[in-house]
Amino acid sequence: MPLTRKPRLAIMGEFSSGKSTLCNVLMGARPLLEKVTATQLPPVWLSYGPEDAYTMGLDGQAYELDLADLERVSLETTEHVRIFMKSDILRYTDLIDMPGISDPSMSPEVWERMAHLADGVLWCTHATQAWRQSESGVWNSFPAEMRRSSLLLVTRFDKILGDSDKAKVLKRVRQETEGLFAEVFPMSLMQAMTAGDDEARWQDSGAQDFTGALFDLIHRIIDEGYPEPGEEGMPAVRPDDADTAEVGQSLIARTFERKMAIRNTPVVRVAPRRVANTGERLLRTERPAAETAPTVVSFSDMLATAAKGS
């Protein structure tokens with residue numbers, strides 16, 4: 001059965017792998033988010049809605065949070081921070097911005113206790129040292145079922161100079177991660193973040209291909225109902241209605257709206273034309289042999305016969 005809540009995608013990777021920049025790209029570089037990603041926090045769960053926030057304590061209690069006090073959130077007592085804001089991507093999916101898996105100042109427990117909530121992962125790996133053993137070790141601890149619902153981004157791809165070197169890195173990463181992710185995308189995230197309305201720059205950064213795959217991934221999760229099926233008789237989740245005053249202007253929004261229009265267009269199947277089957281066999285005769293075949297009279301033969309008669 002299809003999923004009846006929005007999917008949740010975790011943004012993960014090692015410390016300084018481009019996770020915060022990816023989050024800014026997806027969210028449209030909102031000023032609020034810049035403050036969030038610049039602060040050392042437990043996992044930040046982002047959802048669509050009027051601006052609001054709270055923290056979920058390890059004691060299972062929710063506590064009101066003034067976003068001006070983000071720096072005061074305690075890693076020792078907080079499971080995650082929940083923030084609601086209006087952004088194009090959040091109309092389709094929740095995002096969980098995880099701390100770096102190799103952050104020396106943070107215990108792995110900080111992100112491990114939230115990992116089970118994710119339906120899929122957007123994993124960032126730095127192009128100049130892509131797919132290290134430490135990343136492989138952590139990713140292999142996740143359920144195998146999550147692999148086809150996750151994408152690997154080779155970030156800071158513009159830092160590799162030369163097309164041949166880029167091709168080598170991408171080939172190696174794809175070989176080493178074969179079967180571990182649905183797809184692998186080279187990305188220049190800073191270029192994507194500063195693209196503005198420049199579609200050529202957006203496409204050149206790798207963001208256009210990634211965004212198309214992200215839309216398909218989100219809706220595959222919805223259609224398949226992973227990891228928890230929908231309730232019987234409940235319709236599949238749909239994107240939140242756009243607040244045109246605050247969303248709908250980003251290049252992500254344009255891509256998603258185009259693909260959503262295609263997705264919602266009914267497919268008209270035209271059956272091939274066939275001879276009606278009436279249950280009767282057509283009358284068939286054997287092909288005549290040369291000696292039994294009818295005589296073929298040409299037009300010149302007819303003229304010659306007429307001349308003889310005259």
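The basis for the numbers below is simple: all heavy atoms, side chains too, and nothing from hydrogens, waters or symmetry mates.
- Put simply, the side chain of Glu79 reaches to within 4.5 Å of the side chain of Met114, judged on heavy atoms.
- In the displayed structure, Glu257 atom CD is contacted under 6.0 Å by more than 12 heavy atoms of other residues, nucleotides or ligands.
- Using bins of under 30°, 30° to 60° and over 60° for the plane-to-plane angle, the ring pair His80/Trp45 lands in the tilted bin.
- Here the shortest heavy-atom pairing between Leu46 and Leu90 reads O-CD2, 3.5 Å.
- Of the N and O atoms on the side chains of Arg156 and Thr21, not one donor lies less than 3.5 Å from an acceptor on the other residue.
- Glu14 and Thr125 are not linked by any side-chain donor-acceptor pair at a separation below 3.5 angstrom, with hydrogens and angles left out of the test.
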Arg174 and Glu178: CA distance, side-chain angles, deciding distance, salt bridge (charged side-chain N to carboxylate O under 4.0 Å, His left out) verdict = CA-CA 6 Å; Arg174 283 177 169 154; Glu178 186 175 1; over 6 Å; no
Residue pair Tyr54, Tyr63: steps toward the ring-ring contact (aromatic ring centres under 6.0 Å, His included) verdict = CA-CA 5 Å; Tyr54 66 83; Tyr63 298 90; 9.7 Å; no
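- The two residues Gln61 and Asp59 come nearest to each other via the heavy atoms N-OD1, 3.0 Å.
- Between Leu251 and Arg254 there is a side-chain heavy-atom pair separated by less than 4.5 Å.
- The shortest distance between side-chain heavy atoms of Trp131 and Leu180 falls below 4.5 Å.
- Nearest heavy-atom pair across Pro50 and Phe84 is O-CB, 3.4 Å.
- Within a 6.0 Å radius of CG in Asp66, more than 12 heavy atoms belonging to other residues, nucleotides or ligands are found.
- At a cut-off of 3.5 Å, with distance as the only test, no side-chain donor of Thr55 or Arg82 sits close to an acceptor on the other residue.
- By the 4.5 Å heavy-atom criterion applied to side chains, Arg148 and Glu224 are counted as neighbours.
- Summarising the geometry of Leu152 relative to Thr177, their closest heavy-atom pair is CD2-CG2, 3.8 Å, with the distance given to 0.1 Å.
- Across all their heavy atoms, Ile160 and Ala127 have their closest contact at CD1-CB, 3.6 Å.
- Contact annotation: the side chain of Tyr48 never approaches that of Tyr92 to less than 4.5 Å [non-hydrogen atoms, C-beta and beyond].
- Looking only at atom types and distance, the side chain of Gln191 has no donor-acceptor partner in the side chain of Asp158 under 3.5 Å away.
- The shortest heavy-atom contact between Met146 and Asp119 is CG-O, 4.0 Å.
- Using modelled atom types, one finds a donor on one side chain and an acceptor on the other under 3.5 Å when comparing Gln129 with Arg132.
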